[in-house]
Peer 1: 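My questions all concern the structure below.
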Amino acid sequence: MTYQTDLKLFIDGAWQSGEGRDCMAVTNPATGETLAELPLASKADLDAALLAAERAFPVWRGTDVEKRGAILRKAGSYLKANAKEIGALLTQEQGKPLKEAIGEVYGAASMFDWYAEEAKRDYGRTLVRPVGQRSIVQRQPVGVVATFTPWNFPIYLLAKKVAAALAAGCSVISKPPEETPGSTNAVAKALAEAGLPQGVFQLVHGDPDMVSRHLMGSPIVRKVSFTGSVGVGKHLMGLAADGLKRLTLELGGHAPVLVFDDVDLDATLDKLVPQKFRNAGQVCVSPTRFYVQEGIYDDFIAGFAERTGKVQVGNGMDDATQMGPLAHERRLPAVGDLVADAKAKGARVMAGGEPMGNANFFQPTLLADVPLEAKIMNDEPFGPVAVARPFKDLDEALHQANRLPYGLAAFAFTNDLTRANILGDMIEAGMVGINSFAISSADAPFGGVKDSGFGSEGGKEGLETYQVVKAIHMG
Ligand code: NAD
């Protein structure tokens, strides 16, 4: 299937083409070919988006919640009906296998479906007062929202923010990732076709620094939600401080996986290895630091290495492909340098370890006995690299899991119920998966602690993040 998209901005209910605007090339990371030219928003475009969102906010906020829900549900249906085509766009821009891309589009649709219903259950509460008096607490939409989302799950992460913000009654300006913009246009199309009033949602592609500074410099924007690296998150927090804007930050992670010696090793490895290499490891909750109880460590790394060597790497459009390329050029040296540093410090390369081919491919990699001082034990690799070390007991495993400033996701594999409960209680992370990697769904809060950011997406917490609380007292 050839890539077909005419990339545009969507502002105040109208599509704006590249004419008269600066453009940048969008490339296929599996082949290096140029797929399209992306029009970049100018400051005038951003001002138009701000005014449109400001105008549309009272209209949308005043729209009956049933009607808001019906529009969101229709948008979800559009995404599901077009999942194959949107998935193909996503694979060609981002690299992930087509099956994963189509699954991502369904995940995006699930956000619209779930928030269409959740908006109706936003009840507030009544406080106990003497007869004839009332005090009520209600949540109201925060106002105009700006979202900034990355290239690893371009449509899912956009939908997660936009569905919740729209359900809450906010109007939205979204800047999707400039590297992988095509599939995100489908969200604007879905909402437009579903009957979203003009100006409630705008999509502005562009230079990330210019766009975020301009939008966050405006008093019109009341809330910002960002997913990306810790460094950019800290920078945006500074910009948010200047305008006292509410902020949700979903930043990086370095997920530990604690594997205890009471598990069925083969069955556990069959789960772990495909998860590690999903989306070429470019996942903020990717399992990365494998701490394995010492009695099963040697068998674990042998079994992990064998399975890693069999992962089919290739163009995501090929049926046989299990892992695609890294999403853009700058990830190759970033991952390669971390692997080289670990090798130099004494890590054993059990599988992979090298770039492959002409484009952005990197071998699925397992490093064993990685010293704690290696950079990769401390910095998020965001690539297809697993690192492994042995541990003695629960205390040591917990200490290692909590050692880093990150606290997004953590995983543990054990059949001991007491131990599982202790791990759930004591690991410092926003999400803990015990014998499971299913930690992201529309109905569950998702977000980090420590340097992994703050605020939740998904679940009722994800709705609340786009609301302000008001108490009304009647004497
Ligand atoms: P990056 O932080 O430079 O870019 C990530 C995304 O943030 C991009 O899509 C970009 O458009 C956006 N961005 C960058 N600067 C911005 C700004 N000033 N204002 C608004 N948006 C901005 O990171 P990268 O080089 O693309 O990837 C490197 C690291 O980013 C990874 O190692 C990983 O730690 C992190 N990352 C995390 C996630 C996640 O899901 N949490 C996703 C992508 C990248």
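In each ligand, atom 1 is the first atom listed, and ligand 1 is the first ligand listed.
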Peer 1: Which ligand 1 atoms, with their elements, are less than 4.0 angstrom from a heavy-atom of Arg331?
Peer 2: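 Answer, ordered by atom number: 28 (C), 32 (O).
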
Peer 1: Do any nitrogen or oxygen atoms of Thr227 lie less than 3.5 angstrom from nitrogen or oxygen atoms of ligand 1?
Peer 2: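 For ligand 1, there is no N or O atom that lies under 3.5 Å from one belonging to Thr227.
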
Peer 1: So which of Gly231, Cys284, Gly233, Gly206 gets nearest to atom 39 (C) of ligand 1, if we judge by its closest heavy atom?
Peer 2: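 Result: the heavy atom closest to atom 39 (C) of ligand 1 is in Cys284.
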
Peer 1: Take every heavy atom of Phe153, measure it against each atom of ligand 1, and state whether any distance is under 4.0 Å.
Peer 2: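 The answer is no: ligand 1 sits nowhere under 4.0 Å from a heavy atom of Phe153.
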
Peer 1: With a 4.5 Å cut-off on side-chain heavy atoms, are Met111 and Val162 touching?
Peer 2: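 No, their side chains stay 4.5 Å or more apart.
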
Peer 1: Give me the residue, atom name and distance of the protein heavy atom closest to atom 34 (O) of ligand 1.
Peer 2: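 Checking every protein heavy atom, the shortest distance to atom 34 (O) of ligand 1 gives Glu380 OE1, 2.3 Å.
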
Peer 1: Give a yes/no verdict on whether any heavy atom in Arg213 is under 4.0 Å from an atom of ligand 1.
Peer 2: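 It does not, in that no heavy atom of Arg213 comes within the 4.0 Å cut-off of ligand 1.
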
Peer 1: For Ser436 and Lys271, test the side chains for any donor-to-acceptor distance below 3.5 angstrom and give the result as yes or no.
Peer 2: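 Result is no, nothing qualifies.
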
Peer 1: How far is atom 13 (N) of ligand 1 from the closest protein heavy atom, and which atom is that?
Peer 2: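 Of every protein heavy atom, Pro208 CB, 3.7 Å lies nearest to atom 13 (N) of ligand 1.
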
Peer 1: With heavy-atom distances below 4.0 Å as the criterion, list the atoms of ligand 1 near Glu250.
Peer 2: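 Atoms satisfying the 4.0 Å criterion: 41 (N).
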
Peer 1: Mark yes or no for whether Glu354, through its side chain, and Gln363, through its backbone, hold a donor-acceptor pair below 3.5 Å.
Peer 2: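 Pair absent, no side-chain N/O of Glu354 close to backbone of Gln363.
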
Peer 1: Ring centroids only, cut at 6.0 angstrom: are Tyr291 and Phe411 within range, meaning strictly under it?
Peer 2: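 Here the rings of Phe411 and Tyr291 have centres that are no less than 6.0 Å from each other.
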
Peer 1: Quick one: are Lys223 and Cys170 in side-chain contact, heavy atoms under 4.5 Å?
Peer 2: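 Counting from C-beta outward, Lys223 and Cys170 never come under 4.5 Å.
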
Peer 1: Just let me know how Asp209 lines up against ligand 1, side chain, backbone, both or neither, with a heavy-atom cut-off below 4.0 Å.
Peer 2: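 Under 4.0 Å from ligand 1, Asp209 contributes backbone and side-chain atoms.
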
Peer 1: Ion pair present between Arg213 and Asp209, side-chain N to carboxylate O less than 4.0 angstrom?
Peer 2: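 Yes, Arg213 and Asp209 are salt-bridged.
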
Peer 1: With a cut-off of 4.0 Å, which atoms of ligand 1 are near a heavy atom of Ser229?
Peer 2: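 By the 4.0 Å cutoff, the relevant atoms are 1 (P), 2 (O), 29 (C), 30 (O), 35 (C), 36 (N).
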
Peer 1: Starting from atom 10 (C) of ligand 1, which protein heavy atom do you reach first, and at what distance in Å?
Peer 2: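 Ranking protein heavy atoms by distance from atom 10 (C) of ligand 1, first comes Glu178 OE2, 3.8 Å.
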
Peer 1: For ligand 1, is Glu179 a contact, meaning one of its heavy atoms is under 4.0 Å away?
Peer 2: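 Glu179: in contact with ligand 1 (<4.0 Å).
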
Peer 1: Run down the list Gly453, Ser212, Ser286 and name the one with the heavy atom closest to atom 18 (N) of ligand 1.
Peer 2: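 It is Ser212 that holds the nearest heavy atom.
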
Peer 1: Considering only the protein, which heavy-atom contact is closest to atom 43 (C) of ligand 1, and what is its distance?
Peer 2: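 Scanning the protein heavy atoms, the shortest distance from atom 43 (C) of ligand 1 goes to Pro150 CB, 3.4 Å.
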
Peer 1: Can you confirm whether the side chains of Ser17 and Lys8 place a donor and an acceptor under 3.5 Å from each other?
Peer 2: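 Ser17 vs Lys8: no donor-acceptor pair found between side chains.
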
Peer 1: Flag this pair as yes if the NZ/CZ of Lys450 is under 6.0 angstrom from the six-membered ring centre of Tyr406 and inside a 45 degree cone about the axis; otherwise no.
Peer 2: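 That pair does not qualify as a cation-pi contact.
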
Peer 1: Please confirm whether the ring centroid of Phe382 lies under 6.0 Å from the ring centroid of Trp151.
Peer 2: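 Distance test on ring centres: under 6.0 Å, yes.
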
Peer 1: Has ligand 1 got any nitrogen or oxygen that is less than 3.5 angstrom from a nitrogen or oxygen of Leu251?
Peer 2: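 Right, the criterion is met.
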
Peer 1: Does at least one non-hydrogen atom of Thr149 fall below 4.0 angstrom from an atom of ligand 1?
Peer 2: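 Under 4.0 Å: yes for Thr149.
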
Peer 1: Any heavy-atom pair between the side chains of Phe300 and Thr268 that's under 4.5 Å?
Peer 2: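 Heavy-atom side-chain distance check fails, nothing below 4.5 Å.
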
Peer 1: Do we see a donor-acceptor contact under 3.5 Å between the side chains of Gln92 and Asn28?
Peer 2: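 Side chains of Gln92 and Asn28: no pair found under 3.5 Å.
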
Peer 1: Any idea which part of Arg330 is under 4.0 Å from ligand 1, heavy-atom wise: side chain, backbone, both or neither?
Peer 2: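 The part of Arg330 near ligand 1 is the side chain, not the backbone.
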
Peer 1: Atoms of ligand 1 less than 4.0 Å from Lys175 heavy atoms?
Peer 2: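 With Lys175 as reference, the close atoms of ligand 1 come out as 11 (O).
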
Peer 1: So does Arg403 have more than 12 non-hydrogen atoms from other groups sitting under 6.0 Å from CZ?
Peer 2: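 Atom CZ in Arg403 is crowded, with more than 12 foreign heavy atoms closer than 6.0 Å.
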
Peer 1: Tell me, which protein residue and heavy-atom name are nearest atom 27 (O) of ligand 1, and how many Å apart are they?
Peer 2: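 Ranked first by proximity to atom 27 (O) of ligand 1 is Trp151 CZ2, 3.7 Å.
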
Peer 1: With a 4.5 Å cut-off on side-chain heavy atoms, are Pro176 and Leu203 touching?
Peer 2: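 Yes - at least one pair of side-chain heavy atoms lies under 4.5 Å apart.
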
Peer 1: Can you name the atoms of ligand 1, numbered from 1 with element, that are less than 4.0 Å from a heavy atom of Leu236?
Peer 2: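 It comes down to these atoms of ligand 1: 19 (N).
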
Peer 1: Nearest to atom 14 (C) of ligand 1 by heavy atom, Leu249, Asn152, Val283, Val232: which?
Peer 2: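 Shortest heavy-atom distance from atom 14 (C) of ligand 1: Val232.
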
Peer 1: Who's closest to atom 44 (C) of ligand 1 heavy-atom-wise, of Phe226, Tyr406, Phe148, Phe382?
Peer 2: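 Result: the heavy atom closest to atom 44 (C) of ligand 1 is in Phe382.
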
